[in-house]
Undergrad: 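Structure below; questions to follow.
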Amino acid sequence: MATTVDPSASQANPAAAAPSLTGSPSSAPLIHRRTPEDAIDYVTVSDPVIHADGMNKYTSYRVDCRPPLNTNNDPAPPGPQDVFLQNNPGQYSSVLRRYSDFLWLYDRLHKEKAGGIIPPLPEKQAVSRFSPEFVEDRRRALEKFVRRVILHPELWEANCLMTFLRADDVTFQHAKNASKSEDASNNSNHGGDMSASMGGAGAFNLAPKNAAGIKKWFSEAKTTFSGDLVSSPDDDLFDEIERYIEALFIQMKRVSNQSSGLVRKSKEIANGLFEFGLAFHQLGQSEGEELGAKLQLMGGTADTLSAMAARQAEAELQRLEEPFKDYIKTIHAVKLALNRRHDKRVSYTALLHQIQTREINLHRLRMTPGSEAKAYSTEMSLQRYRAAANVAQEEYAECSQRVLREVDRFKREKAEEMKLVVLEFIRLEIEVNRGMERVWGELVPKLEEGGVVGAEHQQQQVPQPAVMNMPPSQMPPPVPSSAMPPSSQPMYSNVPVPVMPDVDPMMESSIQYRDNNLPGMGL
């Protein structure tokens, strides 16, 4: 049973519904920075399909290699850096591959092109690996991996790459089985030779029987000879490269962590502005009329700024955090290339040690009467080891030269890419801050329309005449509430104005007045 994954339905694009970074509504997604692998757009990984075959559940991807055509339906001329297309014009292919097949290609590239900086693969995941979001993210990462391998000046002609792109299912499975047999045979041969050396012309067989045990045993055996490795004129240079890569990894790890924190803070600002705008909306609804309208304007502006901050966080994720994480993965690939050279060095040293041991044994056996058969067997083994040592020496020299070329290319390309990442981040921050400044600036005149709210309270109150000791006939008539100046009335429209009942003139005052010319206490 197969299930097709629809990437468009996996998740809604938040950038399509959110305002642009400058605050104007836009349905366009974030601008994608063009990378070198984007030029290899004729190689695609698409159509992920989930297969459920009993307990075995996996996802397959279609890998297409379709070189472009010109107007006459002839293969278009390749770009100046596309060596793969220059050597494979007009060769089309379409195959189905699963993640384990990509992993096979990754491992074979390490063996066929030892010392090369192999592009990183997306990591394995045991949980939610069949969710639409994860499948789509893995598809993009696998496509980037294949394009980088094709564009790689050291990897584009690897035999395993041609097999991966063009072999049908039967041929490809046969190639994978042959690779497993070859690896097991190499480990078995190394293990048998080691046991023979330790037992004296094969007297003892100390190597384990299974392939996994042989590999582990041989790795431990090589370590015992790594105390005095074979030297080369470039050892000091490689030691300097290792120190540089290790220091660079530590520094870039710190930069990556800080960039992740910056993206996290931008998301927090977006959430804070959203809550801030919601609070002002609710306050404006409770006030009503002019004050409420202006408070809601403030809330709407905060909502706009919240959407801009959310898009800023997404842009920082794509243009700053992800490039730095990818940079760290590339540094790790450089460390793996250096480790491959070290393995070649250890293997070559181990073979030289075996040759020296067998030469001593052969000389001893030739001096011992009756040991002609053992001497002959040791001499044949010595010849095999000398031939293997010559091959190992060539592989060690080739791997060393490849590492030097790769490290030089890494420094040049990553320096240029780092400069572009930093410049794009600076332009992004300038664009966002200008957009936010414009949004705030547009809000100010809207709030200042009709004067500042509550400014009328600063006007002078109308003086009231003194009514103390005045007879009722001379008192001014009461001023109705409707005739009072607006500044003396409350500005809160949501508070009901109490209705004042009609006042009876006879009930205005209970104080009795008398003429001033009457004798008394002067009241």
Side-chain angles (χ1 to χ4, degrees), residues 36 103 106-123 145 148-149 151-155 158 186 190 215-216 218-260 322-353 389 391-419 421-422:
L103 187 60
Y106 178 80
D107 292 336
R108 292 303 303 173
L109 287 172
H110 274 290
K111 292 181 174 63
E112 292 186 17
K113 300 294 182 179
I117 301 179
I118 312 300
L121 262 180
E123 298 178 355
F145 166 74
R148 286 180 172 180
V149 171
L151 195 63
H152 200 293
E154 300 283 345
L155 308 178
N186 291 335
H190 287 306
K215 185 175 182 181
K216 179 181 178 182
F218 180 57
S219 176
E220 294 174 352
K222 288 195 302 183
T223 307
T224 60
F225 309 116
S226 62
D228 188 15
L229 296 176
V230 63
S231 60
S232 66
D234 297 328
D235 287 345
D236 293 338
L237 177 59
F238 280 102
D239 291 340
E240 181 181 353
I241 292 175
E242 290 180 358
R243 290 192 297 268
Y244 164 75
I245 293 299
E246 189 63 31
L248 180 63
F249 179 80
I250 295 174
Q251 295 170 359
M252 285 305 305
K253 191 70 175 178
R254 186 182 301 113
V255 172
S256 177
N257 292 337
Q258 294 300 324
S259 64
S260 300
E322 290 183 353
F324 282 155
K325 288 184 176 180
D326 186 73
Y327 193 92
I328 291 177
K329 292 179 180 179
T330 305
I331 295 176
H332 182 69
V334 178
K335 297 172 70 174
L336 290 179
L338 292 170
N339 290 339
R340 290 288 177 179
R341 177 188 176 271
H342 178 75
D343 292 341
K344 295 292 183 181
R345 186 183 183 186
V346 171
S347 299
Y348 179 45
T349 302
L351 289 172
L352 292 180
H353 183 275
V391 175
Q393 183 182 16
E394 294 178 359
E395 292 179 352
Y396 171 54
E398 181 182 2
C399 180
S400 299
Q401 294 301 316
R402 182 177 289 119
V403 170
L404 291 177
R405 293 194 302 268
E406 286 286 81
V407 170
D408 181 67
R409 184 179 64 87
F410 165 77
K411 291 182 177 180
R412 287 184 285 103
E413 292 182 357
K414 288 304 175 181
E416 183 66 22
E417 185 175 351
M418 181 66 66
K419 182 180 71 174
V421 169
V422 173

Undergrad: Any idea which heavy atoms bring F145 and P120 closest together, and the distance?
TA: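 For F145 and P120, the tightest heavy-atom pair comes out as CD1-O, 3.8 Å.
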Undergrad: Any chance you could measure D343, atom CG, to Y396, atom OH, to the nearest 0.5 Å?
TA: 12.0 Å
Undergrad: Do the non-hydrogen side-chain atoms of R148 and H152 ever get within less than 4.5 Å of each other?
TA: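 The answer is no, as the side chains (C-beta and beyond) never meet within the 4.5 Å cut-off.
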Undergrad: Using the side-chain contact (heavy atoms from CB on, under 4.5 Å) rule, take E413 and E417 through it: C-alpha gap first, then chi angles, then the decisive distance, then the call.
TA: CA-CA 6 Å; E413 292 182 357; E417 185 175 351; 5.9 Å; no
Undergrad: How close do P323 and V421 get, counting heavy atoms only, and between which atoms?
TA: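 Heavy-atom minimum between the residues: CB-CG2, 3.8 Å.
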Undergrad: For A392, enumerate each residue passing the side-chain contact (heavy atoms from CB on, under 4.5 Å) test, keeping only those at least two apart in sequence or located in another chain.
TA: Y348, L351
Undergrad: Between atom CG of L155 and atom CD1 of I117, what is the distance when rounded to the nearest 0.5 Å?
TA: 9.5 Å
Undergrad: Let me confirm one number: the CD1-NE2 distance from I118 to H332, rounded to the nearest 0.5 Å.
TA: 12.0 Å
Undergrad: State which residues pass side-chain contact (heavy atoms from CB on, under 4.5 Å) with Q258; sequence neighbours excluded, sorted by chain then number.
TA: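 Here no residue qualifies.
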Undergrad: How far does CG of L229 sit from NE2 of H342, to the nearest 0.5 angstrom?
TA: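 Here the interatomic distance stands at 6.0 Å.
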Undergrad: Quick one: list whatever passes salt bridge (Lys or Arg N to Asp or Glu O under 4.0 Å) with E406, sequence neighbours left out.
TA: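 E406 satisfies salt bridge (Lys or Arg N to Asp or Glu O under 4.0 Å) with R409 once adjacent residues are dropped.
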Undergrad: What's the spacing between T330 OG1 and D326 CG if we round to 0.5 Å?
TA: 4.5 Å
Undergrad: Going by the rule side chain to side chain donor-acceptor pair (under 3.5 Å), which residues pair with E398 if we only count those two or more places apart in sequence or in a different chain?
TA: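 Expected list: R402.
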Undergrad: Quick test of your reading: applying side-chain hydrogen bond (donor to acceptor under 3.5 Å, both in side chains), list the pairs with at least one residue in residues 108-123, sequence neighbours left out, ordered by first then second residue.
TA: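 Non-adjacent pairs meeting side-chain hydrogen bond (donor to acceptor under 3.5 Å, both in side chains): Y106-H110.
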Undergrad: For A337 versus G115, what's the shortest heavy-atom pair and its separation?
TA: CB-O, 3.5 Å
Undergrad: To the nearest 0.5 Å, tell me how far D228 CG sits from H353 NE2.
TA: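 One finds 9.5 Å between CG of D228 and NE2 of H353.
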Undergrad: For E394, enumerate each residue passing the side-chain contact (heavy atoms from CB on, under 4.5 Å) test, keeping only those at least two apart in sequence or located in another chain.
TA: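 side-chain contact (heavy atoms from CB on, under 4.5 Å) list for E394, sorted by chain: empty.
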Undergrad: For side-chain contact (heavy atoms from CB on, under 4.5 Å), just list the numbers for L404 and D408, CA-CA rounded to whole Å, side-chain angles, deciding distance to a tenth of an Å, and then say yes or no.
TA: CA-CA 6 Å; L404 291 177; D408 181 67; over 6 Å; no
Undergrad: Can you name the salt bridge (Lys or Arg N to Asp or Glu O under 4.0 Å) partners of K325, sequence neighbours left out?
TA: E321
Undergrad: Scan the side chains in residues 230-252 for donor-acceptor partners under 3.5 Å anywhere in the protein, sequence neighbours excluded, and list what turns up.
TA:
| unit_1 | atom_1 | unit_2 | atom_2 | d |
| --- | --- | --- | --- | --- |
| S232 | OG | D235 | OD1 | 2.7 |
| D235 | OD1 | R341 | NH2 | 3.2 |
| D235 | OD2 | S232 | N | 2.8 |
| D235 | OD2 | R345 | NH2 | 3.3 |
| E246 | OE1 | K335 | NZ | 3.4 |

